[in-house]
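See below for the structure under consideration.
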Amino acid sequence: MPETPRRTHRLPGSRYGNRPTMKDVAARAGVGLKTVSRVVNGEPGVTPETERRVQESIEALGFRRNDSARVLRKGRTASVGLVLEDLSDPFYGPLSRAVEEVARAHGALLINGSSAEDAEREQELVLALCARRVDGLVVIPAGDDHRYLEPELRAGVATVFVDRPAGRIDADVVVSDNYGGARDGVAHLIAHGHRRIGFIGDMPGIHTASERLRGYRAAMEDAGIPVEDSWMSLGVTDPERVRRATEEMLSRPDPVTAVFTGNNRVTVTVIRVLSECSRPVALVGFDDIELADLLRPGLTVVAQDSAALGRTAAERLFRQLDGTLLAPERIELPTKLITRGSGELPPAD
């Protein structure tokens, strides 16, 4: 007599069926629950024929292992969280991928989310991930006070901050040499004859923005060039704000002859403004951008390796989880000046 297909019971008012359980698999395969458990978990003690029947039942029912019980037994979820500033920012794509690859190599699932540069949203997201019992966190911080994480750290949640340091707690951090990179970029413009150099950056409270501004000031001071307030503009990276700041620098009686931009989003807007300018203006941007080499002239940049940031942070995280790390450390990765033409233009006057 042909076997009647098993039907799953449906919850009242729901269009979804109940998930099949190991009991369902055992009943369909005609074996005990312990046998199914052994097959599911890759344990020995099951004959090839019995394993085949169990696997066929698993496929037929669409069974998926529920890891909740394993979490309770082992105390680990094999998952880590990644909190970014903005998932749509191209800078974070390679960083996120690198963290994911390291997590995958360690048999862990990556769960990520975006803080949207909002400190409260960052805290809410981090604590939500902790409530789901992730084993560790890689955080690009939006806020400057991370004491809310202290109970989680004491509970054993491994945490590494990346791109920016944590605020008011002692924790591992992996950053780029923002100060040195900016200093090199501005020094490059000075070496090509520029004295009136504008700086357009992100919000001053952001660590990377303040470090890049500090590098700009240091390069100007090294060259003995007094910096005018009108040459500096920090604020939101909204295109309207950046356009306005750029146009103001270019329309002064003694306009800037070069611009150093503080991140990729600022750079893109400044490129658009300079394309409308009647005279050549040199440009060096912090962060590389896609198609930078196809512009005319090509875009000179201070490039940071976002993939290396993510990979280094993730490797550090799993070393914490393995218990091979002791005191928190600050790891600073170098930047690279890539010359393509825009930063080598001489002053127009």
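Quantities reported herein were computed from a predicted structural model and do not represent experimental measurements.
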Open item on the list: As a quick check of understanding, evaluate salt bridge (Lys or Arg N to Asp or Glu O under 4.0 Å) for Arg252 and Asp254, giving each step before the final call.
Closed with: CA-CA 5 Å; Arg252 294 177 57 80; Asp254 290 320; over 6 Å; no

Task: pair Glu152-Thr159: side-chain heavy atoms closer than 4.5 Å - done: no

Task: Any donor-acceptor N/O pair, Thr300 side chain to Thr339 backbone, under 3.5 Å - done: no

TODO: Flag yes if more than 12 heavy atoms outside Arg97 fall under 6.0 Å of its CZ atom; otherwise flag no.
DONE: no

TODO: Verify, without hydrogens or angle tests, whether Asn178 (side chain) and Arg212 (backbone) share a donor-acceptor contact under 3.5 angstrom.
DONE: no

Task: Glu240/Arg243 ion pair, N-O < 4.0 Å - done: no

Open item on the list: Counting the benzene-type ring for Trp, do Phe260 and Tyr216 have ring centres under 6.0 Å apart?
Closed with: no

Open item on the list: Keeping Ser96 on the side-chain end and Gly93 on the backbone end, is there a donor-acceptor pair under 3.5 Å?
Closed with: no

TODO: Report yes if the side chains of Val301 and Arg340 come closer than 4.5 Å at any heavy-atom pair, otherwise no.
DONE: yes

- [ ] Start with the C-alpha gap between Val83 and Ile140, add the side-chain angles, then the distance that decides, and say whether side-chain contact (heavy atoms from CB on, under 4.5 Å) holds.
- [x] CA-CA 6 Å; Val83 179; Ile140 297 173; over 6 Å; no

Task: Expected output: side-chain Thr35 to main-chain Val31 donor-acceptor under 3.5 Å - done: no

TODO: Can you spot which of Asp287, Thr335, Asp177 makes a side chain to side chain donor-acceptor pair (under 3.5 Å) with Gln304?
DONE: Asp287

Open item on the list: Within a 6.0 Å radius of atom CD on Glu49, are there more than 12 heavy atoms belonging to other residues, nucleotides or ligands?
Closed with: yes

Open item on the list: Under 4.0 Å between a side-chain nitrogen and a carboxylate oxygen: does that hold for Lys336 and Asp184?
Closed with: no

Open item on the list: Taking Glu332 first and then Arg330, would you say they form a salt bridge - that is, a charged N and a carboxylate O separated by under 4.0 Å?
Closed with: yes

Output side-chain donor-acceptor pairs under 3.5 Å for residues 104-116, partner residues at least two apart or in another chain, one line each.
{"residue": "His106", "atom": "ND1", "partner": "Val102", "partner atom": "O", "Å": "2.9"}
{"residue": "Ser114", "atom": "OG", "partner": "Glu85", "partner atom": "O", "Å": "2.8"}
{"residue": "Ser114", "atom": "OG", "partner": "Ala116", "partner atom": "N", "Å": "3.3"}
{"residue": "Ser115", "atom": "OG", "partner": "Leu84", "partner atom": "O", "Å": "3.3"}
{"residue": "Ser115", "atom": "OG", "partner": "Glu117", "partner atom": "N", "Å": "3.3"}

Open item on the list: Whether the side chain of Thr50 engages the backbone of Val46 through a donor-acceptor N/O pair (distance < 3.5 Å, no angle test) should be reported.
Closed with: no

Open item on the list: Checking Val138 against Val80 for the side-chain contact (heavy atoms from CB on, under 4.5 Å) test, could you report, in this order, the C-alpha distance in whole Å, the side-chain angles of both residues, the deciding distance, and whether it holds?
Closed with: CA-CA 8 Å; Val138 175; Val80 294; over 6 Å; no

Task: Ion pair Arg52/Glu56, N-O distance below 4.0 Å - done: yes

- [ ] Could you tell me whether Arg316 and Asp172 have a side-chain N and a carboxylate O separated by less than 4.0 Å?
- [x] yes

Open item on the list: Quick check against the 3.5 Å criterion: does Asn41 have a side-chain atom that pairs as donor or acceptor with the backbone of Ser37?
Closed with: yes

Open item on the list: Tell me the closest heavy-atom pair linking Arg195 and Ile190, and the distance in Å.
Closed with: NH1-O, 3.3 Å

Open item on the list: Are more than 12 heavy atoms, taken from residues, nucleotides or ligands other than Arg272, located less than 6.0 Å from that residue's CZ atom?
Closed with: no

TODO: Return yes when atom CG of Asp144 has more than 12 non-hydrogen atoms of other residues, nucleotides or ligands closer than 6.0 Å, and no otherwise.
DONE: no

Open item on the list: Closer than 4.0 angstrom, basic N to acidic O: yes or no for Arg265 and Asp238?
Closed with: no

